[in-house]
Structures are given as structure tokens and as C-alpha cells.
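We use all heavy atoms of the structure for the numbers below, so side chains are in, but hydrogens, waters and symmetry mates are not. Note that this is a predicted model, so its numbers are computed, not measured.
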Amino acid sequence: VQLVESGGGLVQTGGSLRLSCAASGRTSDIDLMGWYRQFPGKERELVADITNGGITNYIDSVKGRFSISRDNAKNTVSLQMNNLKAEDTAVYYCYARSTVVNIETTVEIDYWGQGTQVTVSS
């Protein structure tokens with residue numbers, strides 16, 4: 001599975017950006033997609049994710065400001081970011097989890113995009 005992101009950039013405080021990610025390859029096994037971000041010197045953290053059934057999950061700091069959506073037919077996931085704050089500045093990574101269930105085992109594989117910079121200027 002390959003993930004290609006787009007939509008990062010520079011925006012002023014209070015502005016909006018939309019991140020998009022397209023998955024290609026063996027996408028039929030993908031169940032979970034989402035977005036992580038990484039601050040300098042910090043570990044990557046989950047921002048939001050969405051199951052193939054449309055169940056969403058957000059970290060508290062983005063609730064009410066960010067919205068994740070998914071198009072299963074097109075194998076895309078998007079993150080609409082509104083009312084951006086300086087503390088949202090980070091590199092954002094698209095994420096997909098592939099789950100293959102066999103008779104005796106369940107194999108989960110994580111895939112990552114290359115990352116896209118989001119900078120919010122105050």
C-alpha cells in the first residue's frame with residue numbers, strides 16, 4: 001500500500017487547511033485510516049482516525065475544529081482543519097492499517113505517507 005498526501009502549507013491563525021491522502025496498491029485489506037502529527041523532538045501522535053464503517057476518533061485538542069472523512073470507493077481520507085492554532089504546527093502523516101484475518105492468525109500492517117508540513121503563523 002502506498003499513501004500520497006497533499007494539502008499542507010502555511011496559514012495564519014484562525015485559518016483553514018484541508019489535507020488529503022490517496023491510497024493505492026492492495027487497498028482491499030485497509031480497515032483504519034487516519035492522520036498523525038509530529039512536533040520537533042516529539043513522538044508522532046494520533047490526530048484523528050476513521051474506520052471503514054465511518055466511526056471517527058479525535059484527540060481532545062482538535063475536537064470541534066478538525067473533521068476527518070473518508071471515501072472508501074476512492075481509497076482516500078481527508079482532514080479538514082479549521083480555526084487553526086500555532087500549536088497545530090507540525091508535520092502531518094497519513095496512516096492506514098491493513099488487517100488480514102486467517103484461520104489461526106490476524107496480521108496487522110501499518111502504512112505511512114511521506115508527511116506534509118502544516119505551519120500556522122500567529
### Message
Give me the atom names and distance for the closest heavy-atom approach of Glu5 to Gly115.
### Response
OE1-N, 2.5 Å
### Query
Can Asp88 and Lys85 be counted as an ion pair, charged N to O under 4.0 angstrom?
no
### Summary
One should read off an interatomic distance between Leu10 CG and Thr119 OG1, to the nearest 0.5 angstrom, of 6.0 Å
### Message
I'd like to know if Val107 and Val1 are part of one continuous hydrophobic network [Ile/Leu/Val/Met/Phe/Trp/Tyr, side-chain heavy atoms within less than 4.5 Å].
### Response
yes
### Message
Measuring only between side-chain heavy atoms, which start at C-beta, is Ile30 closer than 4.5 Å to Arg70?
### Response
yes
### Message
Quick check: closest heavy atoms across Ala90 and Gln38, and the distance to 0.1 Å?
### Response
CB-O, 3.4 Å
### Minimum side-chain heavy-atom gap Val47-Tyr36 below 4.5 Å
no
### Task
List the steps, then state whether side-chain hydrogen bond (donor to acceptor under 3.5 Å, both in side chains) holds for Arg37 with Tyr92.
CA-CA 4 Å; Arg37 65 186 179 187; Tyr92 285 71; 3.0 Å; yes
### Query
Are the aromatic ring centres of Trp112 and Tyr95 under 6.0 angstrom apart?
yes
### Task
Any chance you could measure Leu79, atom CG, to Phe66, atom CZ, to the nearest 0.5 Å?
6.0 Å
### Task
Write down the atom of Leu3, the atom of Ala23, and the distance for their closest heavy-atom approach.
CD2-CB, 3.5 Å
#### Entry: Shortest non-hydrogen separation from Arg65 to Leu84 and the atoms involved
NH1-CA, 3.9 Å
### Query
Centre of Tyr111's six-membered ring, under 6.0 Å away, within 45 degrees of the axis: is that where NZ or CZ of Arg97 sits?
no
### Query
So do Val100 and Ile109 actually touch side chain to side chain, heavy atoms under 4.5 Å?
no
### Query
According to a 4.5 Å side-chain heavy-atom criterion applied to Ile, Leu, Val, Met, Phe, Trp and Tyr, with indirect links allowed, do Val91 and Ile68 form part of one hydrophobic cluster?
no
### Query
Which heavy-atom pair separates Ser98 from Asp29 by the least distance, and what is that distance?
OG-CB, 3.1 Å
### Query
Rounded to the nearest 0.5 Å, what separation is found between the OG1 atom of Thr116 and the CD atom of Gln114?
7.0 Å
### Query
Is there a path from Leu46 to Val62 through hydrophobic residues (I, L, V, M, F, W, Y) whose side chains come within less than 4.5 Å of each other?
no
### Query
Can you check whether Leu17 reaches Val118 side chain to side chain, under 4.5 Å on heavy atoms?
yes
### Query
For residues 32-104, which residue pairs qualify under disulfide bond (SG atoms under 2.5 Å apart), counting only residues two or more places apart or in two chains?
Cys21-Cys94
#### Entry: Gln12 side-chain N/O to Ser121 backbone N/O, donor-acceptor pair under 3.5 Å
no
### Task
Could you tell me whether a side-chain N or O of Asn102 sits under 3.5 Å from a main-chain N or O of Glu104, the two making a donor and an acceptor?
no
### Query
Are side-chain N/O atoms of Asp71 and Thr76 paired as donor and acceptor at under 3.5 Å?
no
### Message
I'd like to know if the side chain of Thr89 reaches the main chain of Val120, judged simply by a donor and an acceptor atom lying under 3.5 Å from each other, with no hydrogens or angles considered.
### Response
yes
### Among Asn52, Ile50, Val77, side-chain contact (heavy atoms from CB on, under 4.5 Å) partner for Asn72
Asn52
### Summary
Rounded to the nearest 0.5 Å, the NZ atom of Lys63 sits from the OH atom of Tyr58 at a distance of 10.0 Å
### Message
So for atom CZ, which belongs to Arg18, do other residues, nucleotides or ligands contribute more than 12 heavy atoms lying within a distance under 6.0 Å?
### Response
yes
### Task
Would you name the heavy atoms of Ser16 and Gln80 that are closest together and state the gap between them?
CB-NE2, 3.9 Å
#### Entry: Separation of Asn57 CG from Asp49 CG (nearest 0.5 Å)
4.5 Å
### Between CG on residue Asn75 and OG1 on residue Thr27, distance to nearest 0.5 Å
3.5 Å
